[in-house]
J.: 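Got a structure here, written out as structure tokens. Questions coming.
Because only heavy atoms are used, hydrogens play no part in the values below, and waters and symmetry mates are left out as well, while side chains stay in. For ligands, and for the atoms within them, numbers begin at 1 and follow the listed sequence.
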Amino acid sequence: MSSLYDFLFKIVVLGEGAVGKTAIVTRFSHGFFRTDYKTTIGSQFAVKNVDITKSDQSHVTVKLQIWDVAGQSRFQILRPMYYRGSSGGLLVFDVTRRRTFIVLEEWLDELFKAIGKKIPLILVANKTDLPDRVVEPAEGREFADSHGMPYLESSAKTGEGIVDIFGQLANVLVKNREKKHI
Ligand code: G3D
Ligand code: MG
């Protein structure tokens, strides 16, 4: 094949400030966790290829353009611009801060208003390495079920769950795209 990838998708990473959006994207795209990066200003994106094995056992390469959007309210006015054209996303909360879980609905609204349709999302419960967890898996799963999205847990610090999150999202996006072309 002449191209370096079979599919290209823009995905957005949403959630309150400090839930770990930048840490998740950095861990996935560069393979490390660092604590000295600056708070995301506005938005930035990373690019990474993911290999998917389809149900017929064929392989495809999916290029993900991952937009890490600033969660702080002062960036609210800018965010819709970054959401446009996205095919899917990650909705992230911090299991040690209940507030970040309670506001998930607002993030869904903001995204939906900006792009005018539903797109595949994965609910990501991050910071599972920390001992002071307050949001239980059952609560996360219930929210995810009620919105028809998968629920996955992660720690950007240890790397647990990170590759799986992007792999699952890429899989769903490829399936969706192929359905449209039948
Ligand atoms: P954001 O992009 O959603 O705003 P960041 O969040 O990725 O900037 O992360 C916010 C803080 O949480 C950072 O700490 C980061 O190191 C920490 N963090 C992110 N993910 C995890 C995780 O899975 N486990 C733990 N223990 N910490 C995490 P600092 O102290 O640098 O502000
Ligand atoms: Mg950030």
J.: Any heavy-atom pair between the side chains of Val62 and Leu173 that's under 4.5 Å?
T.: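 Counting from C-beta outward, Leu173 and Val62 never come under 4.5 Å.
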J.: Salt bridge between Glu16 and Arg97, side-chain N to carboxylate O under 4.0 Å?
T.: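 Judged by the 4.0 Å cut-off on N to carboxylate O distance, Glu16 and Arg97 do not form a salt bridge.
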J.: Would a 4.5 Å heavy-atom cut-off, applied to side chains only, mark Leu123 and Leu104 as touching?
T.: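 Side-chain contact under 4.5 Å: yes.
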J.: Find out whether Leu14 and Leu111 are in side-chain contact, i.e. whether some heavy atom of one side chain is under 4.5 Å from a heavy atom of the other.
T.: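 Result yes, sub-4.5 Å side-chain heavy-atom pair found.
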J.: Using a strict 4.0 Å cut-off to heavy atoms of Gly17, name the atoms of ligand 1 that fall inside it.
T.: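 Once the distances to Gly17 are compared, the set is 4 (O).
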J.: Hey, does Lys21 come in under 3.5 Å of ligand 1, counting only N/O atoms on both sides?
T.: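 There is such a contact, yes.
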J.: Check whether any side-chain heavy atom of Val13 lies under 4.5 Å from a side-chain heavy atom of Val25, and answer yes or no.
T.: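 Yes; the side chains approach each other to less than 4.5 Å.
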J.: Could an N or O of ligand 1 be found under 3.5 Å from any N or O of Val19, whether backbone or side chain?
T.: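 Yes, Val19 has an N/O under 3.5 Å of an N/O on ligand 1.
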J.: Look only at interatomic distance and state if Asn126 has a nitrogen or oxygen under 3.5 Å from any nitrogen or oxygen of ligand 1.
T.: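 N/O-N/O distance below 3.5 Å exists for this pair.
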J.: Looking at Ala23, which atoms of ligand 1 are within less than 4.0 Å of one of its heavy atoms?
T.: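 Listed by number with element: 7 (O), 19 (C), 20 (N).
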J.: If the cut-off is 4.0 Å to any non-hydrogen atom of Leu130, which atoms of ligand 1 fall inside it?
T.: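 Under 4.0 Å from Leu130, ligand 1 has these atoms: 26 (N).
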J.: Before signing off on this row, confirm whether Thr22 and ligand 1 have an N or O atom pair separated by under 3.5 Å.
T.: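 So ligand 1 has an N or O lying under 3.5 Å from an N or O of Thr22.
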J.: Using a 3.5 Å cut-off on N or O atoms only, is Gly20 in polar contact with ligand 1?
T.: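 Min N/O separation from ligand 1 is below 3.5 Å for Gly20.
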J.: Without swapping roles, check the side chain of Arg27 against the backbone of Ala156 for a donor-acceptor pair under 3.5 Å.
T.: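 Yes, the answer is positive, given that a donor and an acceptor are paired below the 3.5 Å cut-off.
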